[in-house]
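Structure record follows, encoded as structure tokens.
Values below: all heavy atoms of this structure, side chains included; hydrogens, waters and symmetry mates excluded.
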Amino acid sequence: MLPGDDRAARRVLTVCLAAGATTLLDQSVLNIAVPALRQSLSAGATDVQWIVSGYSLAFGLALVPGGSLGDVRGRKHLFLVGLSTFVLCGLVAATGTHPATVVVARLVQGAGAGLVNSQVIGTLQDVFHGLDRARALGLYAVTGGVAAALGPALGGALVALCGPGTGWRLCLLLSAPCGAVTLWLAARRLPPPRRVAAPGRLDLWGLLCVAALTLSLMLPFISTPDSGGAAALWAAAALVAAGALVLGQWWRVRRGRVPLVHPSLIRSAPYTLGTLVAMANFGSSLAAGLVLTLFLQSGLGLSALTTAAVTLPSAVAMGVSSAVAWRVVRRIGAHTVTLGLAVGVLALLGGALAAVTLPPAALPLVLAAVQVASGAASGLTVSPNQARVLQHAPAEAAGVAGGILQMTQRIAAAVCLSAVSGIYLRDASSTEGVPRTAFAIASVVCAGLLAAALPVSLALPRVPPGAGRVRGRAGAADRTSSEAP
């Protein structure tokens, strides 16, 4: 049953869930069609990398500025602008005949998606309160996760049924009708724009520093620098941007102005620790999914359709486990997140063990069973953790808080996708036959990332009840933070 006391709130939730599903499905549906896209456009490796990863980069760059603008200017108009940009650029990318056209279209489309999703979280924070807010944010997280998990399966089916040349274009067109319907619903059902932040100038210096920090952290893993010197320069740039951001925020507070990053967000232990858990889970899940797709197609020689069938159980299991996650939360509280992480670690280790011990003919079936466990683990982790993190955001910084959470996940995704796929490809290229060891090592790395998040999640239930409450200008804490997981 949907949260909310009235039909208007539930209609808003429906629009937000549709927007999240549409934009996050578009990010994952293309991955399985990359070989077909590369052949059709005669694209180089760099072009393909930018087509796939550039979307995530622009998505991450738009999140915090979009959240800040929504807090100050209102959310509905920004939502409509972002979604319109997303749909139009999707059409351009799907009909492009040159790699450069698709790259530029995907970059702008990613920015539109980031603008939309930052408004989604802010809108849910505005409309819902208490336990209903936690459930709404949880549903948004689950919807996006299931959509992302369904992407490879849908992409594989389209490529198999329509052929490589047409299949990759249909993968990009898939979001257009969904986006158009969501746009129409948003124009009718979203509440009128209103300011939720205190009047004042936008923190342009903070926005610039966040953009520079995001670029310097994500771009090296997308462009793959050729030398250690280049990596060191990017690391230095990230440190400079972070330092400039901290100084700028301190200066604005000293002058009595509202900073981009609400000071209470940094002091909130649940917000900080929960964000770290979200980064580990998001990065590990996406990297493990990419390596599995590579292993099934290039390692075992399976078709796109068979690969889709192996990955589909993850989406189904995530949807089912998410539906019962709140019952688990009522019984064991924040330990639900720890349980999900532990199951995820065991699933990844089980897949690695199966890869090095079982015959190739048995691997697709066994790995499909492993995907059931992985999907169930994500369902127990994603929505309870996100609801716990965002319930501590003050009303006037709801958009920024959601933007920072998603931005950190995009950075984690860029790092993990590049690093883990690099580990797999390097070991696979030196192996004759089925690259079992390469897949096992990559899976163990992903399991290690989840395992590193376990002590962080264990610390969350021990945070004192008042330690994470952030207060806005009016001094009002979240009245029902103790009700949410």
Side-chain angles (χ1 to χ4, degrees), residues 22-61 85-114 148 150-179 218-219 221-226 286 289-291 293-299 301-308 311 410 413-414 417-418 421-422 424-425 428-429:
T22 300
T23 52
L24 295 173
L25 173 66
D26 187 84
Q27 187 170 18
S28 65
V29 73
L30 187 62
N31 289 347
I32 206 167
V34 165
L37 179 151
R38 184 173 185 177
Q39 182 179 4
S40 176
L41 294 179
S42 300
T46 303
D47 295 325
V48 171
Q49 194 170 30
W50 273 101
I51 290 171
V52 174
S53 301
Y55 181 94
S56 185
L57 173 65
F59 196 119
L61 279 173
T85 302
F86 173 83
V87 172
L88 291 175
C89 290
L91 294 173
V92 173
T95 55
T97 57
H98 192 275
T101 304
V102 181
V103 168
V104 173
R106 290 288 286 173
L107 283 169
V108 181
Q109 188 182 26
L150 279 173
L154 291 175
L158 288 173
V159 171
L161 294 175
C162 303
T166 304
W168 73 266
R169 296 185 184 276
L170 290 179
C171 287
L172 288 175
L173 279 174
L174 188 62
S175 60
C178 301
M218 294 180 70
L219 202 54
F221 295 95
I222 292 177
S223 59
T224 315
D226 298 326
L286 288 186
L290 176 61
V291 168
T293 300
L294 291 172
F295 178 65
L296 292 173
Q297 289 190 291
S298 61
L302 301 183
S303 66
L305 188 60
T306 306
T307 300
T311 59
R410 300 295 151 188
L417 284 170
S418 177
S421 63
Y424 171 80
L425 292 172
S429 63

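- Heavy-atom minimum distance, T22 versus C178: OG1-CB, 3.6 Å.
- G165 approaches S40 most closely through the heavy-atom pair O-OG, 4.4 Å.
- Here the closest heavy-atom approach between residue L170 and residue C162 is recorded as CD1-SG, 3.4 Å.
- In this structure, T166 has no side chain to side chain donor-acceptor pair (under 3.5 Å) partners at least two apart in sequence or on a different chain.
- Residues G155 and C171 come closest through the heavy atom pair CA-SG, 3.7 Å.
- The distance from the SG atom of C89 to the CG atom of L172 is 11.5 Å, given to the nearest 0.5 Å.
- With hydrogens and angles disregarded, no donor-acceptor distance shorter than 3.5 Å links the side chain of T101 to the backbone of T97.
- Here L296 contributes atom CG and T306 contributes atom OG1; the two are 9.5 Å apart, rounded to the nearest 0.5 Å.
- Here the side chain of T95 pairs a donor or acceptor atom with the backbone of L91 at under 3.5 angstrom.
- Closest approach of L25 to G151, counting heavy atoms only: CD1-CA, 3.6 Å.
- Among the candidates I51, L173, L41, the single residue satisfying the side chain to side chain contact (heavy atoms under 4.5 Å, CB included) test with W168 is L41.
- In terms of heavy atoms, R410 sits closest to S56 at CD-OG, 3.9 Å.
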Enumerate, atom names and distances included, each donor-acceptor pair closer than 3.5 Å involving a side-chain atom of residues 102-110, sequence neighbours excluded.
residue	atom	partner	partner atom	Å
R106	NH1	D26	OD2	2.5
R106	NH1	Q109	OE1	3.0
Q109	NE2	F86	O	3.3

